[in-house]
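Just follow the structure's listing: the first ligand is 1, and inside any ligand the first atom is 1.
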Amino acid sequence: MHILVTGGAGYIGSHAALRLLRDGHRVVIVDNLYRGHAGAVNAIARAAGRNASNLNFHRLDLLDTQALEHMMRAHAVHAVMHFAALTYVGESVNRPLDYWRANTAGALSLLTAADAAGVTRLIFSSTAATYGEPGPQDVPIREDLVQRPINPYGASKLAFERILTEHTHACKASGKDFACAFLRYFNVCGSDRSGALGEHHDPETHLIPIVLHCLLGRRPQSSNTLSIFGHDYPTPDGTAVRDYVNVEDLVDAHVHTLAALKAGDVRSYNIGTGTGLSVRQIVDAAERVTGLKLKTADAPRRAGDPATLYADPGKIAREIGWKAATREVEPMIEHAWAWMKANPRGYAN
Ligand code: UDP
């Protein structure tokens with residue numbers, strides 16, 4: 001199959017592109033390199049070995065509908081995995097227009113091009129942030145929970161879920177072969193176990209990479225001390241609980257979902273492990289994996305951070321048989337740690 005991976009120079013998209021190449025697919029990556037890395041595309045090509053000839057890269061912006069359509073026709077793209085997005089909650093509050101433009105208008109442009117070029121399947125990276133701030137009775141979170149995002153990031157992703165749903169219904173009504181799925185990610189972490197790819201965000205805001213950067217002495221402004229945002233949550237140790245899912249397992253969910261989609265389907269699945277871990281438990285696990293001691297400091301809660309968020313991943317397990325293979329967080333931390341040590345400047349090496 002020929003698969004378009006948008007955001008393939010980013011963290012999750014690069015892992016998806018490599019997996020698809022290893023599975024024998026042809027892959028075309030589209031990325032504007034605003035936050036993606038040309039180095040990630042090179043790393044994918046190196047790791048893909050002889051399958052690297054099945055990889056193409058186009059530096060394009062999603063808002064360039066015509067160029068996207070032209071490119072999809074030229075490559076006879078069958079399916080799109082759409083990862084490209086802006087993903088910082090705090091930034092989305094300060095720069096909402098950028099988030100609506102990139103995440104909603106950009107996705108709409110992509111879908112318009114895909115429709116014109118005859119693409120039949122689209123898998124969309126959605127997010128648990130579309131659920132907003134669920135109450136304690138709503139956790140573990142099921143897909144039928146009412147989605148009430150509390151920031152422009154979640155809202156801009158939810159809007160595209162709606163667009164995709166309406167488009168797919170219209171295709172079905174007119175007999176056009178099209179199907180889509182939205183995968184609502186929980187906390188994605190880890191990196192490819194072969195060591196080829198890793199997580200490189202600038203700025204970095206996610207817990208596990210920050211913990212590892214502190215342990216590597218790479219956050220001098222904070223004296224390499226982890227600020228724990230909130231220590232008085234109603235959780236067993238007072239710190240916030242999240243569902244940490246391995247990036248390779250997440251990519252596997254995309255592959256299974258794509259294979260399962262039938263014309264007219266609109267599927268939504270939570271992608272998580274179903275287990276919640278606290279910030280403290282992540283710190284303890286990182287200390288066990290690295291054998292190092294982390295300095296921590298209690299800090300105020302981060303605005304909009306709920307106490308406890310974890311998935312009920314039962315729907316995707318029942319419908320297509322996917323479950324996160326990695327049940328413990330230690331291997332995810334181990335792979336991330338190995339890549340960071342080997343690539344001290346990430347893809348800027
Ligand atoms: N967190 C923290 N210190 C940090 C970064 C994150 O205590 O420097 C906490 C954050 O408040 C949340 C959890 O770690 O409870 C996971 O945060 P992350 O940004 O990785 O993902 P989110 O759940 O916000 O999408």
Side-chain angles (χ1 to χ4, degrees), residues 10-12 35 85-93 99 103 125-134 136 138-141 149-158 183-191 198-216 218-247 250 270-287 294-311 329 332-333 336 340:
Y11 168 48
I12 300 173
R35 289 208 164 123
L86 296 179
T87 59
Y88 298 118
V89 168
E91 182 179 74
S92 79
V93 174
Y99 276 69
N103 295 355
S125 303
S126 190
T127 165
T130 59
Y131 293 116
E133 221 164 350
D138 300 322
V139 180
I141 294 171
I150 56 165
N151 49 61
Y153 169 60
S156 66
K157 287 280 187 172
L158 180 59
L183 303 186
R184 299 185 188 136
Y185 304 171
F186 282 68
N187 292 61
V188 187
C189 64
S191 56
E199 182 169 8
H200 178 176
H201 293 120
D202 192 11
E204 186 54 81
T205 61
H206 295 115
L207 178 64
I208 292 178
I210 289 179
V211 163
L212 299 180
H213 287 161
C214 287
L215 289 169
L216 282 168
R218 280 196 216 145
R219 293 181 75 88
Q221 278 96 336
S222 65
S223 331
N224 295 307
T225 300
L226 175 77
S227 296
I228 296 186
F229 300 142
H231 55 281
D232 53 358
Y233 281 109
T235 59
D237 64 18
T239 65
V241 168
R242 295 289 181 272
D243 185 335
Y244 295 88
V245 60
N246 181 12
V247 65
L250 169 96
N270 286 337
I271 309 296
T273 63
T275 303
L277 290 176
S278 72
V279 175
R280 274 265 159 238
Q281 286 175 302
I282 294 292
V283 170
D284 292 346
E287 290 183 337
L294 181 68
K295 286 185 281 179
T296 64
D298 289 341
R301 293 181 183 191
R302 203 166 55 175
D305 266 357
T308 303
L309 279 184
Y310 56 92
V329 77
M332 311 188 212
I333 297 178
M340 281 185 194

For T205, take its heavy atoms, then give the atoms of ligand 1 lying under 4.0 Å from any of them. 5 (C), 19 (O)
Out of R302, R242, H231, who is nearest to atom 18 (P) of ligand 1 when you count heavy atoms only? R302
Whether the E91 and Y153 side chains hold a donor-acceptor pair (N or O, under 3.5 Å, no angle test) is what I'd like checked. no
Close side-chain approach of L86 to R35, heavy-atom, < 4.5 Å: yes
Can you list the ligand 1 atoms lying under 4.0 Å from a non-hydrogen atom of V279? 7 (O), 9 (C), 14 (O)
Checking contacts here: is it the side chain or the backbone of A299 that comes within 4.0 Å of ligand 1, counting heavy atoms only? Could be both or neither. neither
Pull out every atom of ligand 1 sitting under 4.0 Å from any heavy atom of I228, numbered as shown with elements. 7 (O)
Ligand-side contact atoms (ligand 1) for residue partner A240, heavy atom cut-off under 4.0 Å: 15 (O)
Closer than 3.5 angstrom, by distance alone: can the side chain of D138 be matched with the main-chain N or O of I141 as a donor-acceptor pair? no
Parallel, tilted or perpendicular: which one describes the rings of Y88 and H201, with boundaries at 30° and 60°? perpendicular
List the residues meeting salt bridge (Lys or Arg N to Asp or Glu O under 4.0 Å) with E287, not counting sequence neighbours, and say none if there are none. K293
Counting only nitrogen or oxygen atoms and a 3.5 angstrom limit, does D305 reach ligand 1? yes
Does an N or O from I210, backbone or side chain, lie closer than 3.5 Å to an N or O of ligand 1? no
Of all the heavy atoms in Y244, does at least one lie under 4.0 Å from an atom in ligand 1? yes
